[in-house]
There are 4 protein chains.
Amino acid sequence: MKKDKPKYKQIIDAAVVVIAENGYHHAQVSKIAKQAGVADGTIYLYFKNKEDILISLFEEKMGQFVRSIRSRMAGKENAVEQLEVLIESHFYMLSEDYHLAIVTQLELRQSNKDIRLKINEVLKEYLLLVDEILHNGVKKQIFSEELDIRLARQMVFGTIDEVVTTWVINEQKYDITKLAPEIHSLLVKALSK
Amino acid sequence: MKKDKPKYKQIIDAAVVVIAENGYHHAQVSKIAKQAGVADGTIYLYFKNKEDILISLFEEKMGQFVRSIRSRMAGKENAVEQLEVLIESHFYMLSEDYHLAIVTQLELRQSNKDIRLKINEVLKEYLLLVDEILHNGVKKQIFSEELDIRLARQMVFGTIDEVVTTWVINEQKYDITKLAPEIHSLLVKALSK
Amino acid sequence: MKKDKPKYKQIIDAAVVVIAENGYHHAQVSKIAKQAGVADGTIYLYFKNKEDILISLFEEKMGQFVRSIRSRMAGKENAVEQLEVLIESHFYMLSEDYHLAIVTQLELRQSNKDIRLKINEVLKEYLLLVDEILHNGVKKQIFSEELDIRLARQMVFGTIDEVVTTWVINEQKYDITKLAPEIHSLLVKALSK
Amino acid sequence: MKKDKPKYKQIIDAAVVVIAENGYHHAQVSKIAKQAGVADGTIYLYFKNKEDILISLFEEKMGQFVRSIRSRMAGKENAVEQLEVLIESHFYMLSEDYHLAIVTQLELRQSNKDIRLKINEVLKEYLLLVDEILHNGVKKQIFSEELDIRLARQMVFGTIDEVVTTWVINEQKYDITKLAPEIHSLLVKALSK
DNA sequence: GATGAATGAGCATTCATTCAT
DNA sequence: AATGAATGAATGCTCATTCAT
């Protein structure tokens, strides 16, 4: 399995750094190869083309992201607590990975439609997680029984994403993890009966 | 003033059509010129460079957007009603301009960081409007007195933006104006005491 | 009409020189542009792509070639004399254009299948000319009435082509036009009753 | 002697198949290795480089070709009969080896000038055979005493080669061996007194 | 003011060859 | 002898911008 070979992850990590530091449009394959400490051609032993690097990057990182949130959520049965963990984890993990935050919030959004469609596929995993929390909350009668899950999910994701993007645009000048309680409180109020 | 000459608007409208129909990355200056019925070189008599077209496009359209919402809000003193008008207007205006919705929600976001920063400058006008509503609501004790205006604004804008983007990605298959009451209700619950 | 603009012919002539001097595989577009005294991008105002340059080169030169032979044949009614003119003209014209001889006999044959198919299309004009001479000779009972035109044409073309290629491979060390009478005599003997 | 080891021939036969099926420009060393059932690196234990495979291929196959014709000619003393055997054998052997015909008539001609020059070296064996027949015919006063052997050889080879190439381009749709008598007859007429 | 022909910088990808195992 | 992962040089084409007319 190619994904388990060390150079696979090595190249993806190099791509994150190069894109974050140079911007999407100046992230040439040769720069990524240099950063990864391999020859240009080696990239193509692990990835079909440049597009494939970006999609794999997102899959790999977003996969970890969702798995990590799920494991942190383990044991929490209450939807309010689950949402708390989701927000805290989301903010915490991006605050711990400076480069990844820039890449996911700003740079990867410049990619063409094909790449973004594939990225959206990957995002669905995250959105499903949000849906699970919302369904749980409604079932346990913590959230409003008339809640439109689809719209509520858009509010939750839209709010979190906007807060993170604003923080990245402001060059991460403040501690985003400190915003979690207030965001959580706002969202819970919106969702509750 | 260049902005008052007919070709200025002619070129901006051409840019909206060309970007919406071809996508950001296939919207060459020569295509925009053709659509506007002018020579390539003529573009540069009205705009410094391609970047300037895009920023001007956003300024022009977002300016109209905010002015239009303000005029619809005239007479409403209640923050809850004002927010209602904001959401309804936002959804209504984009639902009336198919091309503009695609351009602002999907295509222009593919531009590079520099352009997006300038676009954010222009967005501030809209965000100020949101802030005004929120301040008003807090002052009139309709919204929670402990509301963090900055975060609340990010929630309002993030939610509205995500709802619109989802609608555009789904090719505007449903009537977005019908979602306004529910979104309004969710946000008001979040903001209220 | 693009073909009538001076730069069209200028680029084709440059391509002949560059290919003859550097070989097919080292004839980069940038070298052709430099030789033609234009920018790389200018090439693409006149030709769809590199392949198109090569096909156009062959069309242009082979077209002239056939037209030139036809005009030299004007007035000759006798198939034996027509064949004489054909051979003499063929040898003479290539002996006058050192670079073109190299390009048509050696370099262009390295092109890929697509290009060679299109080149073969163009060659058909020449082969039709040979057919006309052969038909004429048979009709006038100068050539054998049982002549298989298709095979005879392959003999005529194969012989002429091999003689020219041998001369080019030997770096044109001898005067090929002096070989015309003997080749003519051999072919006429073969074709005659 | 490397040429006697089984893998030597194995690689050459693989090269014929791969070139015939994929075309010269898509016949990568790795494909040849795969077809031969060896590792890429193994190729380089038997051949200096890719060029060397192609030249060796031609040497090996053309050597067999000439030896085979010579053995079929054994016993024929008459130049006319010898030429008959040459043409028949040439056509017969290529009609029996579908892949080889494609490779020698079409694909190998796309190789660069250096390789083609070396291939021509190998071809000399064949041309010497033609020369022998011609000399024999002249000595025995069957062929014209004034025959220019060099030009006559070019006619014989050029004609045969063109007939075979035309047959291969037409995807071997007809039986080329049936053309031998007519080609023989044309050539004998040309060469005779 | 308006034109549009000309410019030229910039980059993903392939594949023959090597060499540590 | 045999392997196959790794190497890295080499190039066609696009398109924003200019400037002579």
Side-chain angles (χ1 to χ4, degrees), chain A residues 2 5-7 10-11 22 25-34 36-54, chain B residues 2 5-7 11 25-34 36-54, chain C residues 2 5-8 10-11 25-34 36-54, chain D residues 2 5-7 11 25-34 36-54:
Chain A
K2 276 189 178 163
K5 295 197 180 172
K7 287 198 178 160
Q10 199 173 322
I11 291 166
N22 299 275
H25 289 293
H26 293 100
Q28 296 94 337
V29 171
S30 61
K31 267 190 198 149
I32 296 173
K34 199 170 194 177
V38 301
D40 293 16
T42 305
I43 299 267
Y44 293 87
L45 297 176
Y46 295 89
F47 300 91
K48 231 175 43 249
N49 49 37
K50 187 179 178 179
E51 194 165 294
D52 190 28
I53 306 176
L54 304 176
Chain B
K2 277 187 177 167
K5 298 202 178 169
K7 287 195 179 164
I11 290 166
H25 290 292
H26 294 101
Q28 294 91 343
V29 171
S30 61
K31 265 189 199 150
I32 296 174
K34 198 170 192 180
V38 300
D40 293 17
T42 305
I43 298 266
Y44 292 87
L45 298 174
Y46 295 88
F47 299 91
K48 226 170 56 244
N49 49 37
K50 187 178 179 181
E51 194 165 297
D52 190 27
I53 306 176
L54 305 175
Chain C
K2 277 190 176 161
K5 295 197 180 170
K7 288 197 178 160
Y8 180 85
Q10 200 173 322
I11 290 166
H25 289 292
H26 293 100
Q28 297 93 336
V29 171
S30 61
K31 267 189 197 150
I32 296 174
K34 199 170 195 177
V38 300
D40 293 17
T42 305
I43 300 267
Y44 294 87
L45 297 176
Y46 295 89
F47 300 91
K48 230 173 45 248
N49 48 37
K50 187 177 178 181
E51 195 166 293
D52 190 30
I53 305 176
L54 304 176
Chain D
K2 277 186 176 165
K5 299 203 178 171
K7 287 198 179 162
I11 290 166
H25 289 293
H26 295 101
Q28 294 90 342
V29 171
S30 61
K31 267 190 197 148
I32 296 173
K34 196 170 192 180
V38 300
D40 294 16
T42 306
I43 299 266
Y44 292 87
L45 298 174
Y46 294 89
F47 300 91
K48 224 171 54 245
N49 48 36
K50 187 178 180 181
E51 195 164 296
D52 189 29
I53 306 176
L54 304 176

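Every chain is numbered from 1 and lettered A, B, ... according to where its sequence line falls, protein lines coming before strand lines.
When distances run from any side-chain atom of C:V38 to the nucleotides E:dT7, F:dA6, F:dA2, the shortest one goes to E:dT7. Residue A:T42 places its side chain closer to F:dA6 than to any other of F:dA6, E:dA6, F:dC13. Closest to the side chain of C:A39, from the set E:dG8, F:dT3, F:dG12, is E:dG8. Considering only side-chain atoms of B:Y44, the nucleotide from E:dT13, F:dA5, F:dT18 that sits closest is F:dT18. Nearest nucleotide to the A:K7 side chain, out of F:dT3, F:dA6, E:dA12: F:dA6. Listed nucleotides: F:dC13, F:dA5, E:dA16. Nearest to the side chain of D:K50: E:dA16.
Between the NE2 atom of B:H26 and the P atom of F:dT14 there is a distance of 11 Å, given to the nearest Å. Between the C1' atom of E:dG4 and the CD1 atom of B:I32 lies a distance of 17 Å, rounded to the nearest Å. Note: CD (C:Q28) to C1' (F:dG12) measures 10 Å, nearest angstrom. Nucleotide E:dA6 holds its P atom 14 Å from the CG atom of C:D40, rounded to whole Å. Between the CD atom of C:E51 and the C1' atom of F:dC13 there is a distance of 14 Å, rounded to whole Å. For the pair A:I43 CD1 and F:dA5 P, the computed distance is 17 Å after rounding to whole Å. A straight line from NE2 of B:H25 to P of F:dA16 spans 12 Å, rounded to a whole angstrom. Atom-to-atom, NZ of B:K31 to C1' of E:dG4 comes out at 18 Å; the value is rounded to the nearest Å.
In DNA chain E, runs of at least 3 stacked Watson-Crick or G-U pairs (N1-N3 plus N6-O4 or O6-N4, or N1-O2 plus O6-N3, all under 3.5 Å) give these stems: E:2-21 with F:2-21.
Residues satisfying the side-chain hydrogen bond (donor to acceptor under 3.5 Å, both in side chains) test with B:H26, not counting sequence neighbours, are none.
Nearest-nucleotide positions on DNA chain F for C:S30 and A:L45 put A:L45 closer to the 5' end. Along DNA chain E, the nucleotide closest to A:N49 and the one closest to C:G37 are compared, and the more 5′ of them pairs with C:G37.
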Derivation of the side chain to side chain contact (heavy atoms under 4.5 Å, CB included) call for D:K31 and D:K34: CA-CA 5 Å; D:K31 267 190 197 148; D:K34 196 170 192 180; 5.6 Å; no

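Checking C:Q10 against C:K7 by side-chain atom types alone, no donor-acceptor pair falls below 3.5 Å.
Residue-level contact check: B:Y46 touches the backbone only, with heavy atoms under 4.0 Å from sugar-phosphate atoms and none from bases. Among the protein residues, A:V29 comes within range of the nucleic acid bases, having at least one heavy atom under 4.0 Å from a base atom.
Contact annotation: B:K48 does not reach the phosphate of F:dT17 (side-chain N/O to OP1 or OP2, under 4.0 Å).
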